[in-house]
Amino acid sequence: IHKVIIDADPGVDDAAAILMALASPEIEVLGLSIVAGNVSLEHTVANACKLVGLSGRRDVPVHAGASGPLVREQVYGKYARIGSFDDKLVKAGDIVPSDENAVQFIIRSARAAAAEGEQITICAIGPMTNVALALIQHPDVARGIRQIVSMGGAFTALGHRTPWAEFNIYADPHAAEIVFQSGVPIVLMPLDMTFQALFTAEHFEKFRAGGEAGAALYNLFSTFDRSDEKRFGRPGGPIHDATTIAWLICPELFTSREAFVGVQVTGLTMGYTYADFYKKMDRPANATVVTDVDETGFIALLIERIARHGGQ
Ligand code: BDR
Ligand code: CA
């Protein structure tokens, strides 16, 4: 069983990842640490509370963290104008965030694990501001973190948020670089891989088997269409963040390579991630870079986990 903090900025694909994790017995979700990203912190926190309420998992705390990046000016996601999820799409619940800040929650959880001779996993599926702050403020917390499984980066210039940068890294490149160089093992799920698994309207339809939570997810993906046929050459869109949860449950769905990775933090290519696959830099590997996914297997796993909400 993985003890996991999900550090997120929900976000429609964050919603899929969170609901997937909450339905998976292989994962004990210690709590959600929330950061600004796709939308402002006020809205990402409200969305996280709605998701926890929908899943019926009132035991899972929601912690509000950083409201903006460490150094650069703030940027939001493509759908920033939507704010929090509309009540018509995702039912409003009565869950409220914890009084404890997300950074403090990460520090406390990692230290508690280390004191027991254990380690937690962090699934970082938004800008990595909260995680970087925890590691800067108290470097000893690294001892309590087994791995940081991060959705972020692009190793070919895929033209996502900028010609070079993926959104989570671009939104806080300094935080990402701190996390990558922290010494904690990193597992990276870049766009090069997440773009390989495309969900179509037929797949979204299947989310509806998952009770209220599945219906909400269906509503979100039906409203915020991620397909881009010009880019992908076929119908469907990625659900980036859920790959982090799938990797914990079923790593055999993925192929990966070890590499030294880093981030450009300034200039035109700010947010660009590089991976030294061919050992040109004389630096030891700090990351497992996930390069390929079994599309059919991943899609089936996500659909099957969301459907489990229907049985609750
Ligand atoms: C990432 O950026 C956000 O839009 C998504 O939630 C995902 O975490 C993809 O680049
Ligand atoms: Ca996200």
Side-chain angles (χ1 to χ4, degrees), residues 4-21 32-41 43-48 50-51 62 65-66 69 74-85 90 102 122-131 148-173 175-176 179 186-199 217 220-221 223-228 231-232 236-247 263 270-273 289-290 293 298 302:
V4 176
I5 292 177
I6 305 180
D7 189 77
D9 64 332
V12 295
D13 54 346
D14 301 78
I18 290 167
L19 292 175
M20 183 186 196
L32 308 182
S33 59
I34 303 299
V35 65
N38 280 308
V39 289
S40 71
L41 183 69
H43 295 311
T44 53
V45 169
N47 290 343
K50 279 187 166 186
L51 294 167
V62 175
Q74 191 147 29
V75 285
Y76 293 117
K78 189 169 157 196
Y79 294 108
R81 65 189 149 69
I82 67 160
S84 26
F85 299 151
V90 187
I122 298 178
C123 279
I125 56 178
M128 283 189 272
T129 325
N130 288 338
V131 184
I148 296 168
V149 186
S150 161
M151 190 281 131
F155 295 100
T156 17
L158 285 168
H160 187 239
R161 183 57 192 236
T162 74
W164 301 276
E166 177 279 329
F167 174 75
N168 289 337
I169 308 287
Y170 184 69
D172 198 340
V179 170
I186 306 296
V187 181
L188 208 52
M189 318 304 260
L191 296 179
D192 314 61
M193 181 277 287
T194 64
F195 279 175
Q196 294 169 22
L198 303 184
F199 291 74
L217 206 54
L220 287 174
F221 281 103
T223 310
F224 303 105
D225 183 13
R226 321 287 291 291
S227 62
D228 186 349
R231 177 193 284 274
F232 301 122
I239 304 187
H240 310 281
D241 294 340
T243 58
T244 61
I245 306 299
W247 190 84
V263 183
M270 178 168 64
Y272 174 71
T273 44
V289 178
V290 180
V293 58
F298 167 55
L302 177 54

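Just so you know, ligand 1 is whichever comes first in the structure, and atom 1 is the first atom listed for that ligand. Nothing here was measured: the structure is a model prediction, and the numbers come from that model. When reading the values below, keep in mind they use all heavy atoms of this one structure, side chains included, and skip hydrogens, waters and symmetry mates.
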For D14, which part has a heavy atom under 4.0 Å from ligand 1: side chain, backbone, both, or neither?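 Near ligand 1, D14 shows its side chain, while the N, CA, C and O stay back.
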
Closer than 3.5 angstrom, by distance alone: can the side chain of [X] be matched with the main-chain N or O of [Y] as a donor-acceptor pair?
{"X": "T273", "Y": "A154", "result": "yes"}
{"X": "N130", "Y": "A66", "result": "yes"}
{"X": "D241", "Y": "D14", "result": "yes"}
{"X": "T162", "Y": "W164", "result": "yes"}

Which residue and heavy atom of the protein sit nearest [atom], plus the separation:
{"atom": "atom 6 (O) of ligand 1", "answer": "D13 OD1, 2.7 Å"}
{"atom": "atom 8 (O) of ligand 1", "answer": "D241 OD1, 2.6 Å"}
{"atom": "atom 3 (C) of ligand 1", "answer": "N38 OD1, 3.3 Å"}
{"atom": "atom 10 (O) of ligand 1", "answer": "E166 OE2, 2.4 Å"}

Any N/O/S of D241 under 3.0 Å from the Ca ion (ligand 2)?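 Short answer: yes, at least one N, O or S atom is under the cut-off.
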
Within less than 3.0 Å of the Ca ion (ligand 2), any N, O or S from F167?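 Within the cut-off used here (under 3.0 Å), F167 places no N, O or S atom near the Ca ion (ligand 2).
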
Hey, mind stepping through F221 and F199 against ring pair (Phe, Tyr, Trp, His ring centres under 6.0 Å) and telling me if it holds? CA-CA 10 Å; F221 281 103; F199 291 74; 7.5 Å; no

Check: M151 N/O within less than 3.5 Å of ligand 1 N/O: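 No; every N/O pair is 3.5 Å or more apart.
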
Which ligand 1 atoms, with their elements, are less than 4.0 angstrom from a heavy-atom of H240?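 That gives atoms 9 (C) of ligand 1.
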
The Ca ion (ligand 2) - closest N/O/S atom in D9: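 That would be atom OD1.
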
Please determine whether any non-hydrogen atom of K78 lies less than 4.0 Å from an atom of ligand 1.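 Flag not set, K78 not near ligand 1.
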
V187 to V290 - nearest heavy-atom pair and separation: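 Closest approach of V187 to V290: CG1-CG2, 3.8 Å.
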
T129 side chain to D172 side chain, donor-acceptor N/O pair below 3.5 angstrom: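 T129 vs D172: donor-acceptor pair found between side chains.
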
Among side-chain atoms of S33 and D7, is any donor-acceptor pair under 3.5 angstrom?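 Side chains of S33 and D7: pair found under 3.5 Å.
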
